[in-house]
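Inspection log for the structure reproduced underneath, given as structure tokens.
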Amino acid sequence: MSGKHNSNDLAQGLKQRHVTMLSIAGVIGAGLFVGSGHAIAAAGPAVLLAYAAAGTLVVLVMRMLGEMAVASPDTGSFSTYADRAIGHWAGFTIGWLYWWFWVLVIPLEANAAATILHAWFPDVAIWVFTLVITLLLTATNLFSVKNYGEFEFWFALLKVVAIIGFIILGLAAIFGFMPNSQVSGVSHLFDTQGFMPNGLGAVLGAMLTTMFSFMGTEIVTIAAAESKDPGRQISKATNSVIWRIFLFYLVSIFIVVALVPWNAGELAEVGSYQTVLQLMGIPHAKLIVDIVVLIAVTSCLNSALYTSSRMLFSLSKRGDAPALAQRTNASGTPHWAVLLSTAAAFLTVFANYVAPAQVFEFLLASSGAIALLVYLVIAVSQLRMRRQRMARGEKIAFKMWAFPVLTWATIFFIIAVLTLMLVRPDHRAEVISTGLLSIAVVAAGLLVARKRKAEKAGRLVLDN
């Protein structure tokens, strides 16, 4: 074990540009390109409120996570902090739920990428592409964290360029500078049954879909533990989260709802970005969006493999996962954790083939519930850790704003949203399934803890 303060055997191979780019575009996944159309169709132009609310929540949660991560960078991130602040059962549960979330994302994103490739090469079956993509990215993740960082750097850069390009074209269309465009102005924000056509309930429902899009913002606190000077990297990334969410999500979704009527059938079927580009008269709009989505889902898949393996590595370090998962190879990569996570993902691929459409929809929302649980645990951990540190008289370098008011407000807001999900028939199943999954994981955690206690007691007896 190395003597570094973040106590892991992982290579610190991520450069500053890797962590910066990861923090900028880690948040842009298929959720923005695929999920936004569904959210707009459900809530109308008021979907902007859903994105603003979800974005504000993410900014606050990232600030709290940043406070803890700057103080003690750890590849287990919030799972480790929950273990210290709330109790072993909390760290165990949230670590495994988070791992499960990303393991589910792997086949989902691979399937999305394979579907695009299959449309280009119809002779090759979708499952073949799914298999090849997953194996290729598993291989790059096995070699070294530098490979992951390099891949992600270029993927992220392309995504950022694509969205900025879309925003420039969109603004040009709004102000009437696009000669071939069929759309201009912002009248669609209000002219189709008003700004909030389906009421507040639909906006809250859309917020759950948007939650899925934002999951991944916290990866930077996991990755920073594998970089030099993690504290500085985390504070920089956390500070930049506000403008990222504003620019990539709010501005680009504003352009979509301003230029296209929210009830246009193509939004949910074709996707919001492609619909807008086609109406603007951009040639090869479908091909352009397909390429961008392919890059986005491959990048998400890459991050899912990385994140799930690092969480498994951290759980193993704390004795909560098979000991095998904490072994690292010569380049400091937890190769067994990568392989075990990929193997679990392949098992879920079979489930994905039995009922693809239902699985995607259910996953979009049930993972929203897992995202909310992760955020809740981060908020409670920060509340407790800050009090512990204040009691010890520690100096806090990176602080959550308006403590404890904003922390408590975040906790109440998350509990309110989860309660609302339970009340709404269209989201009840997801909360219940996530709840049952959590209970099963907690039960397993308590059994593991009891077994460890018994082994410890046994060893003490033998030593005496």
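Only heavy atoms go into these numbers, but all of them, side chains included; no hydrogens, no water, no symmetry mates.
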Open item on the list: Looking at W120, I'd like to know if its CH2 atom is crowded, meaning that more than 12 non-hydrogen atoms belonging to other residues, nucleotides or ligands lie closer than 6.0 Å.
Closed with: yes
Open item on the list: Taking the side chain as everything from C-beta on, heavy atoms only, tell me whether T407 gets closer than 4.5 Å to L60.
Closed with: no
Open item on the list: Angle between ring planes, W96 versus W99, binned at 30° and 60°: parallel, tilted or perpendicular?
Closed with: perpendicular
TODO: Write down the atom of G66, the atom of I234, and the distance for their closest heavy-atom approach.
DONE: CA-CG2, 3.9 Å
Open item on the list: Is it the case that over 12 heavy atoms from other parts of the model lie below 6.0 angstrom from the CZ atom of F153?
Closed with: yes
TODO: Evaluate side-chain contact (heavy atoms from CB on, under 4.5 Å) for N302 paired with E109, printing each intermediate quantity in order.
DONE: CA-CA 9 Å; N302 197 27; E109 302 289 356; over 6 Å; no
Open item on the list: Looking at K146 and E226, is any side-chain nitrogen of the basic one under 4.0 Å from a carboxylate oxygen of the acidic one?
Closed with: no
TODO: Indicate the atoms forming the closest heavy-atom contact of G91 with L315, along with that distance.
DONE: O-CD2, 4.3 Å
- [ ] Keeping the roles fixed (side chain from S181, backbone from M178), state whether a donor-acceptor pair exists under 3.5 Å.
- [x] no
TODO: Would you give the length of the straight line joining atom CG of L97 to atom CE of M311, rounded to the nearest 0.5 angstrom?
DONE: 10.5 Å
TODO: For residues Y375 and V58, determine if any side-chain heavy atom of one lies less than 4.5 Å from a side-chain heavy atom of the other.
DONE: yes
- [ ] For the residue pair M280 and N180, establish whether any side-chain heavy-atom pair is separated by less than 4.5 Å.
- [x] no
Open item on the list: Applying side-chain contact (heavy atoms from CB on, under 4.5 Å) to E152 and M21, what does each step give before you reach the verdict?
Closed with: CA-CA 8 Å; E152 209 40 53; M21 226 10 154; over 6 Å; no
- [ ] Over all heavy atoms of both residues, which pair between A41 and A268 is shortest? Give the atoms and the distance, please.
- [x] CB-CB, 4.2 Å
Task: Student check: side-chain heavy atoms of N141 and T138 closer than 4.5 Å - done: no
Task: Pairs involving residues 258-268, ordered by first then second residue, that meet side chain to side chain donor-acceptor pair (under 3.5 Å) (sequence neighbours left out) - done: none
Task: Non-hydrogen side-chain atoms of I378 and M62 separated by less than 4.5 Å - done: no
- [ ] Working to the nearest 0.5 Å, report the span between CG of L339 and CG of L312.
- [x] 11.0 Å
Open item on the list: I106 vs W102, test: side-chain contact (heavy atoms from CB on, under 4.5 Å). Steps then yes/no.
Closed with: CA-CA 6 Å; I106 296 168; W102 286 110; 5.8 Å; no
Task: Minimum heavy-atom distance G76-S314, with the two atoms named - done: CA-OG, 3.0 Å
Task: Shortest non-hydrogen contact from A258 toward I174 - done: CB-CD1, 4.2 Å
Open item on the list: Could you check whether any side-chain N or O of N329 sits under 3.5 Å from a backbone N or O of T333, counting only pairs where one atom can act as donor and the other as acceptor?
Closed with: yes
Task: Geometric class of the F78/Y98 ring pair [parallel <30°, tilted 30-60°, perpendicular >60°] - done: perpendicular
Open item on the list: With no hydrogens and no angle check, just 3.5 Å: does a side-chain donor-acceptor pair link E218 and S77?
Closed with: no
Open item on the list: Using only atom types and a distance under 3.5 Å, with no angle test, would you say the side chain of H118 pairs donor to acceptor with the backbone of F129?
Closed with: no
TODO: Measure the spacing between OG1 of T221 and CG of L65 and express it to the nearest 0.5 Å.
DONE: 4.0 Å
- [ ] Please say whether more than 12 non-hydrogen atoms of neighbouring residues, nucleotides or ligands are located less than 6.0 Å from CH2 in W401.
- [x] yes
Open item on the list: Using only atom types and a distance under 3.5 Å, with no angle test, would you say the side chain of N239 pairs donor to acceptor with the backbone of S235?
Closed with: yes
Open item on the list: Please check: side-chain N/O of S309 versus main-chain N/O of L305, any donor-acceptor pairing under 3.5 Å?
Closed with: yes
Open item on the list: Just so I know, are the side chains of V374 and M215 near enough to count as touching, which here means a heavy-atom distance under 4.5 Å?
Closed with: yes
Open item on the list: Measuring from atom CG of L49 to atom CE of M207, what distance do you get when rounded to the nearest 0.5 angstrom?
Closed with: 11.0 Å
Task: Side chains of L372 and L57 in contact at under 4.5 Å (non-hydrogen atoms) - done: yes
Open item on the list: As an exercise, state the distance from OH of Y51 to CG of L48, rounded to the nearest 0.5 Å.
Closed with: 9.5 Å
Task: Short side-chain donor-acceptor distance under 3.5 Å, Q16 and Q233 - done: no
TODO: Decide whether S72 and D74 meet the rule of one side-chain donor and one side-chain acceptor closer than 3.5 Å.
DONE: no
Task: 4.5 Å side-chain heavy-atom contact, H188 and L259 - done: no
Open item on the list: Quick one: does any side-chain atom of N198 pair with a main-chain N or O of A42 as donor and acceptor, under 3.5 Å?
Closed with: yes
Open item on the list: I'd like to know whether K15 forms a side chain to side chain donor-acceptor pair (under 3.5 Å) with S227, so could you lay out the CA-CA distance, the side-chain angles of the two residues, the decisive distance to 0.1 Å, and finally the verdict.
Closed with: CA-CA 6 Å; K15 298 182 177 137; S227 71; over 6 Å; no
Task: NZ or CZ of R63 within 45° of F403 ring axis and under 6.0 Å - done: no
Open item on the list: Less than 3.5 Å apart, any donor N or O on the side chain of S272 or S36 sitting next to an acceptor on the other?
Closed with: yes
- [ ] Run the ring-centre check on F143 versus Y148 and record whether the distance is less than 6.0 Å.
- [x] no
TODO: Hey, could you give me the CD1/CG distance between I242 and L247, rounded to the nearest 0.5 Å?
DONE: 13.5 Å
Open item on the list: Between S252 and Y273, is the side-chain contact (heavy atoms from CB on, under 4.5 Å) condition met? List the steps.
Closed with: CA-CA 9 Å; S252 68; Y273 292 80; 2.8 Å; yes
- [ ] For S308 and A304, work out which heavy atoms get closest and say how close.
- [x] OG-O, 2.7 Å
